[in-house]
2 protein chains.
Amino acid sequence: MTDAVDPPRSRRPNARLEEVARAAGVSKSTVSRVVNGEPYVSSKARAAVHQAIARLGYSPNQAARTLAGSRANCIALVVSEPGSRVLADPFFAGVLRGVHAELAGKRVQLVLMMSKDGDEQDLVNYLCGGHVDGVLVISLHGQDPLPRTLADAGLPTVVGGRPLGAGGVPYVDSDNFDGAMEAARYLVSRGRKRIATIAGPRDMAVGMDRLSGWKRVLSQARMDMDLVAYGDFTPESGAVAMEELLTRDPSLDAVFVGADIMAMGALQTLHARGKRVPEDVAVVGFDDLVIASTAVPPLTTVRQDVEQLGRTMTWRLMAELAGEEDLPPFLLLPTAMVTRASA
Amino acid sequence: MTDAVDPPRSRRPNARLEEVARAAGVSKSTVSRVVNGEPYVSSKARAAVHQAIARLGYSPNQAARTLAGSRANCIALVVSEPGSRVLADPFFAGVLRGVHAELAGKRVQLVLMMSKDGDEQDLVNYLCGGHVDGVLVISLHGQDPLPRTLADAGLPTVVGGRPLGAGGVPYVDSDNFDGAMEAARYLVSRGRKRIATIAGPRDMAVGMDRLSGWKRVLSQARMDMDLVAYGDFTPESGAVAMEELLTRDPSLDAVFVGADIMAMGALQTLHARGKRVPEDVAVVGFDDLVIASTAVPPLTTVRQDVEQLGRTMTWRLMAELAGEEDLPPFLLLPTAMVTRASA
DNA sequence: CTGAAAGCGCTTACAG
DNA sequence: CTGAAAGCGCTTACAG
């Protein structure tokens with residue numbers, strides 16, 4: 001039993017639309033029109049409203065707008081929980097920055113949601129319940145039906161990274177296939193004869209697409225494509241995969257690692273085995289994380305612009321929300337080879 | 001001019017509270033009570049409502065709840081834009097995961113906002129406008145008045161990382177001072193005689209607190225504390241600072257780097273200068289990023305639990321929102337030394 | 001323990 | 001170009 005008086009929180013209540021109307025000498029309708037940038041308002045009324053808004057520090061109540069209007073003025077970014085672990089943080093943070101940059105000045109809020117295992121249905125209910133206008137989904141695994149479900153429910157949805165199980169849902173991705181081809185071609189052009197690869201997990205398109213690019217080039221060059229090992233986007237898995245490859249063929253002289261984070265582990269193994277990089281084994285990574293440039297030796301890699309990925313996903317979603325037509329079903333962003341000391 | 005018919009989006013409108021009431025044979029008030037877990041409802045009515053909710057897939061409209069009720073059921077995470085660059089992504093992503101974990105099952109949404117330079121006033125207007133119940137602020141720089149402003153406006157606010165210019169605003173931080181002391185003590189105990197440090201920027205408490213810990217230990221050990229260089233939480237700045245220290249005293253035999261990300265640069269410089277780690281120079285970092293374990297050599301460092309930081313900030317904020325009293329004005333989270341090969 | 005009614009702050013036809 | 005009025009889907013006293 002506490003006698004303590006709970007002092008009512010003295011947050012100055014914001015001005016209301018009605019007060020703005022009174023101050024400007026117009027109706028609520030007119031204020032609403034000005035706030036929403038609608039065309040048919042006299043410049044006199046518009047000026048008066050703007051002035052009143054500035055003076056009163058008016059900021060519209062989003063909840064009321066959402067409830068009264070048809071739009072939530074809000075989009076969701078959904079991250080699958082295991083993905084946020086596995087795909088490593090820089091990816092996520094980069095996308096987030098891109099999304100935010102693209103949303104700047106757009107009066108659209110970003111709500112973050114992580115899909116945990118048990119609550120998929122809750123998540124779908126929530127998202128389809130009119131709380132958001134559209135959804136951005138990233139770091140999907142396997143054949144996750146989420147994007148399909150959302151799209152079928154009529155909710156505009158854009159996926160980041162080619163989804164394996166969601167044919168027809170728009171997506172944006174880095175051109176992983178092309179980037180991997182460039183990496184493999186580079187190794188071939190440097191005279192490497194026995195080129196291995198460490199690929200990402202088989203249930204993610206990003207892993208498979210980079211593997212496919214490597215395969216394509218080796219097959220065109222009529223080189224053996226047997227040296228493939230798999231990791232899971234952790235340094236440890238990269239180290240183990242490198243061990244395996246070295247055991248299978250101690251004479252390999254190059255390795256394309258489908259993620260910088262795994263390349264860090266591969267570098268450790270190579271170092272421990274007394275292999276010089278790049279003299280004995282050339283190493284090329286993928287992603288161009290900040291750690292690539294500080295690796296010993298600095299890592300040659302394929303850069304993907306993750307922030308641009310976030311921007312493009314958001315642009316695509318907003319365009320759809322704006323009713324634009326004939327939007328591309330998917331978008332592939334270019335990658336760029338970054339040559340450093342490791343290859 | 002487009003003649004295309006814009007087919008109305010056929011998203012099945014969610015069930016409303018009213019329909020649930022009808023299906024359950026009770027009033028809207030009762031449904032509301034059940035949904036909000038209020039006590040005085042007969043178990044019969046409660047069961048009927050739960051059943052109706054399940055059958056109709058009802059999910060309450062947040063906008064309406066916010067508008068009608070007093071709470072927004074929403075908290076904001078504010079990141080200062082330059083901070084999100086400088087503090088490096090893992091910090092941010094870690095905090096985010098912690099916040100989310102703590103919010104799980106709480107029917108509170110997380111809105112993400114980045115404070116850009118020009119729009120500070122917009123941000124404050126928005127946050128104080130009743131759109132959110134509370135605010136979490138991270139990666140503050142210098143004497144940023146934001147937390148003070150929010151707190152003064154009566155908005156519950158919790159800062160992540162000790163704020164330099166916001167006395168009195170509750171915060172949660174890793175115990176950087178203590179962690180740095182432990183690192184310095186470790187170096188002293190290993191017989192190092194000439195211990196340098198690379199500190200973070202002077203305008204961030206995290207940089208200063210770690211520097212202070214190092215100073216305290218060296219002063220207690222009656223060792224010289226002149227070898228201090230500053231970086232800005234980038235690998236490049238760590239490399240430059242290491243150069244400087246080596247120039248000032250080529251005989252230094254240890255360095256405590258106030259962030260793993262800078263330690264990566266320091267390691268590169270040491271390597272380039274032919275210094276063996278740890279034989280010639282012992283290196284201890286701070287943070288225990290994933291790259292610490294994959295560095296060559298693997299980095300001895302001080303671990304801070306960033307996810308726990310996010311959880312704790314959220315817990316503190318939610319406790320305040322729940323009206324709990326006598327909450328601690330700040331919370332310091334323990335750090336832990338992780339010994340690897342570099343020292 | 002339960003229900004009828006008012007009201008949260010906007011947007012949106014509708015009528016002018 | 002402008003305003004009066006209805007309504008968005010809830011919560012919250014209030015009366016029972």
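Values below: all heavy atoms of this structure, side chains included; hydrogens, waters and symmetry mates excluded. Proteins get letters first, then strands, A, B, ... in listed order; numbering begins at 1 in each. Treat the numbers as computed from the prediction; the structure is a model and nothing was measured.
- The interatomic distance linking B:K28 (NZ) with C:dG7 (P) rounds to 14 Å, in whole Å.
- One atom, CG of A:L17, and another, P of D:dA4, lie 13 Å apart when rounded to the nearest Å.
- Remark: the backbone N or O of A:E38 is not paired with any side-chain donor or acceptor of A:N36 at under 3.5 angstrom.
- Counting only distance, with no hydrogens or angles, the side chain of A:D133 and the backbone of A:I75 share no donor-acceptor pair below 3.5 Å.
- Rounded to an integer number of Å, the gap from A:N73 CG to C:dC10 C1' is 11 Å.
- Put simply, the side chain of A:L317 reaches to within 4.5 Å of the side chain of A:P156, judged on heavy atoms.
- The A:R65 side chain lies nearest to C:dT11 when the options are D:dG9, C:dT11, C:dC14.
- Sequence order on DNA chain C of the closest nucleotides to B:A64 and B:T30 puts B:T30 first from the 5' end.
- Between A:S32 and the phosphate of C:dT11, there is a side-chain N or O to OP1/OP2 separation shorter than 4.0 Å.
- As a whole-Å value, the separation of B:L56 CG from D:dG9 C1' is 15 Å.
- In this structure, CG of B:N36 is placed 16 Å from C1' of C:dT2, rounded to the nearest angstrom.
- Nucleotides D:dT12 and D:dG16 are separated by 16 Å at their C1' atoms, to the nearest Å.
- B:L127 is listed as a side-chain neighbour of B:V78, based on a closest heavy-atom distance under 4.5 Å.
- Looking at B:R148 and B:V169, their side chains come closer than 4.5 Å, going by heavy atoms from C-beta outward.
- With a 4.5 Å cut-off on side-chain heavy atoms, A:V35 and A:S32 do not count as touching.
- Counting non-hydrogen atoms under 4.0 angstrom, B:V26 reaches the backbone sugars and phosphates but no base.
- Residue A:N61 places no side-chain N or O under 4.0 Å from the OP1 or OP2 atom of C:dC8.
- Side-chain N/O atoms of B:S27 and base N/O atoms of C:dA4 include no donor-acceptor pair closer than 3.5 Å.
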Check your understanding: Between A:T312 and A:Q308, does a side-chain hydrogen bond (donor to acceptor under 3.5 Å, both in side chains) hold up when you go through it step by step?
Key -> CA-CA 6 Å; A:T312 307; A:Q308 184 60 50; 3.0 Å; yes
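- DNA chain C contains the following stems of three or more consecutive Watson-Crick or G-U pairs, with both distances under 3.5 Å: C:1-3 with D:14-16, C:5-12 with D:5-12, C:14-16 with D:1-3.
- When atom types are taken as modelled, the side chain of B:Q51 and the backbone of B:A48 share no donor-acceptor pair closer than 3.5 angstrom.
- Atom CD in A:E18 sits about 9 Å away from atom C1' in C:dG9, given to the nearest Å.
- Annotation: proximity of residues 37-47 of chain B to DNA chain C (heavy atom, distance under 4.0 Å) is found for B:Y40, B:V41, B:S42, B:A45, numbered in ascending order.
- When rounded to the nearest whole Å, the span between CD of B:E19 and P of D:dG9 equals 9 Å.
- Between the P atom of D:dG3 and the CZ atom of A:R22 lies a distance of 14 Å, rounded to the nearest Å.
- Of the candidates C:dT12, D:dC8, D:dC10, the closest approach to any side-chain atom of A:S29 belongs to C:dT12.
- In this structure the side chain of A:V49 never reaches within 4.5 angstrom of the side chain of A:V41, judged on heavy atoms.
- Among the nucleotides D:dC8, C:dT2, D:dC10, the one closest to any side-chain atom of B:R33 is C:dT2.
- Between the side chain of B:S29 and the backbone N or O of B:S27 there is no donor-acceptor pair closer than 3.5 Å.
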